[in-house]
Amino acid sequence: MRTRLIVAFVVVALLAALAAVWFSNLIVPFYGWPSWIPGWVTSPVPVIHLLYKHHRGTMPHPGPVGVIVFCLAAIGLLLALITGVAVAASRRVLQPVRRLAQAAQRMSDGDLSVRIQPRGRDELAWLVTSFNEMAAALEDKVAELQRMEARARRFASDVSHELRTPLTAMTAVTDVLGENQGLTGDAAAAGRLVRQEVLHLNRLVEDLIEISRFDAGTAQLVTDDTDVAAAVSGCLRARGWTNVCTDVPAGLTVRLDRRRFDVVIANLVGNALQYGSLPVEVTARIQPNVLGGTELAVEVRDHGPGLPSAAIPHVFDRFYKADNARARSEGSGLGLAIAWENARLHGGHLEACNHPAGGAVFTVSLPLSGQPPISGTMPQAVPAGR
């Protein structure tokens, strides 16, 4: 921008010089110089002595060397003067703009307390003042939203903990009702319905408590050397999912939190069974990551209709439903969000996409700190399902 301003000043100055030449050649010969212009402006004596040499009272034409020197000196002086004025003017214009750009960059980095001291009373000073007012309003809004979010999270956490005790009692009662052989007909159906709803509420409360731990930053990893194949098969067996296909290399052992890994696999497989179609496949492999180390990649794929493209960026949001008209599901609506948080707690990430051949693919990647697996062979590469 400074270069453009300097070029604009030079162009304006050259146009002014051209206008002066036209005035001197077209107007002055007929009307002469105005009487109020001093003589040193129209005929400066030092310049006359430089260009003209008097010989025996005559006024010869100026010598070629003198003309060249004079022209070069005049051009150099003019350009230096114009450039100096342009630089000084552009600095005054561009310095506030540069300060605004630096402040905007700090705001984009998360520093909403940045302010700029206005200087002067021109339009740029008004712009700086408007920027400060905008930054102050934005900071207040963000602070208020953070307070509201903290209150909402605290409320959910408090309610979840308060519901836990009565839910425990209700679960015991519903278990007794379920085992009561004397209930028949509508009474038995009502007992089964109540038991089902209490179990659903139990899962919701447990998931809310787990989410509140992540929000509070109190969730911690308890890592141990884990056989991935045994962990995956144990997760499926505990839930009776015998119709899920697995492809996990035997002896593949990595260090992770077994309980949280089980939660991730259970949520992904349960989601695939509920919203996708069989067969559901679970594969695991060790692969290089973008940081130059290695990572454990566990992929869960179904053969259903896949995810709507508009839903993919939001599938890990809490209580998100791809179809708002969908009936209430058996889950809490927090399963994928909890899986994502557990992957992040391991230092990894969870991704969702659609397979080109059909079906949804969820891939959890857990870094291995640049170390190879403790035992077992490196699995062969399989299609990434993207």
Side-chain angles (χ1 to χ4, degrees), residues 203 207 221 223-289 294-307 312 315-316 329-331 334-368 372-386:
R203 286 194 295 270
D207 287 347
L221 289 176
T223 60
D224 196 5
D225 298 338
T226 303
D227 187 309
V228 178
V232 172
S233 61
C235 172
L236 302 178
R237 185 170 56 253
R239 293 161 178 83
W241 293 333
T242 58
N243 54 351
V244 176
C245 305
T246 62
D247 182 14
V248 183
L252 177 60
T253 304
V254 298
R255 194 168 188 85
L256 48 79
D257 189 317
R258 174 77 178 258
R259 183 186 70 83
R260 295 188 182 278
F261 182 72
D262 181 86
V263 170
V264 173
I265 299 302
N267 280 318
L268 296 183
V269 174
N271 187 78
L273 291 172
Q274 183 173 358
Y275 301 111
S277 299
L278 294 175
V280 173
E281 303 168 353
V282 180
T283 60
R285 63 187 180 275
I286 299 296
Q287 65 183 18
N289 58 22
T294 55
E295 63 184 11
L296 170 67
V298 180
E299 185 178 282
V300 178
R301 179 196 171 192
D302 64 65
H303 288 71
L307 297 167
I312 292 178
V315 291
F316 302 114
S329 63
E330 295 181 1
L334 296 171
L336 291 179
I338 291 175
W340 187 88
E341 292 285 358
N342 278 308
R344 184 184 62 84
L345 193 62
H346 279 86
H349 58 277
L350 184 57
E351 297 177 346
C353 63
N354 288 322
H355 195 279
V361 179
F362 288 84
T363 306
V364 55
S365 303
L366 307 179
L368 303 180
I374 296 175
S375 63
T377 59
M378 183 75 72
Q380 297 297 320
V382 297
R386 297 185 182 283

Return the [atom1] to [atom2] distance between [X] and [Y], rounded to the nearest 0.5 Å.
X	Y	atom1	atom2	value
Cys245	Leu278	SG	CG	8.5 Å
Leu334	Phe316	CG	CZ	14.0 Å
Asp257	Phe261	CG	CZ	11.0 Å
Leu256	Leu368	CG	CG	8.5 Å
Arg285	Leu252	CZ	CG	11.5 Å
Glu295	His349	CD	NE2	5.5 Å

Testing the basics here: between [X] and [Y], what is the closest heavy-atom pair and its distance to 0.1 Å?
X	Y	result
His303	Pro279	ND1-O, 2.7 Å
Val364	Ala343	CG2-CB, 3.9 Å
Arg255	Thr223	NE-OG1, 3.6 Å
Thr226	Ala231	CG2-CB, 3.9 Å

Side chain of Arg301, backbone of Gly358: donor and acceptor closer than 3.5 Å?
yes

Test side chain to side chain donor-acceptor pair (under 3.5 Å) applied to Glu281 - qualifying residues, sequence neighbours left out
none

Are [X] and [Y] packed together at the side-chain level, in the sense that at least one heavy-atom pair is separated by less than 4.5 angstrom?
X	Y	value
Val254	Ile286	yes
Ile312	Asn354	yes
Val315	Asn271	no
Leu350	Leu268	yes
Arg258	Asp224	no
Val280	Trp241	no
Leu273	Asp302	no

Worked check of side-chain contact (heavy atoms from CB on, under 4.5 Å) between Leu307 and Phe362:
CA-CA 11 Å; Leu307 297 167; Phe362 288 84; 4.1 Å; yes

Pairs meeting criterion side-chain hydrogen bond (donor to acceptor under 3.5 Å, both in side chains) with involvement of residues 259-269, two or more places apart:
Glu210-Arg260, Arg239-Asp262, Arg260-Asn342

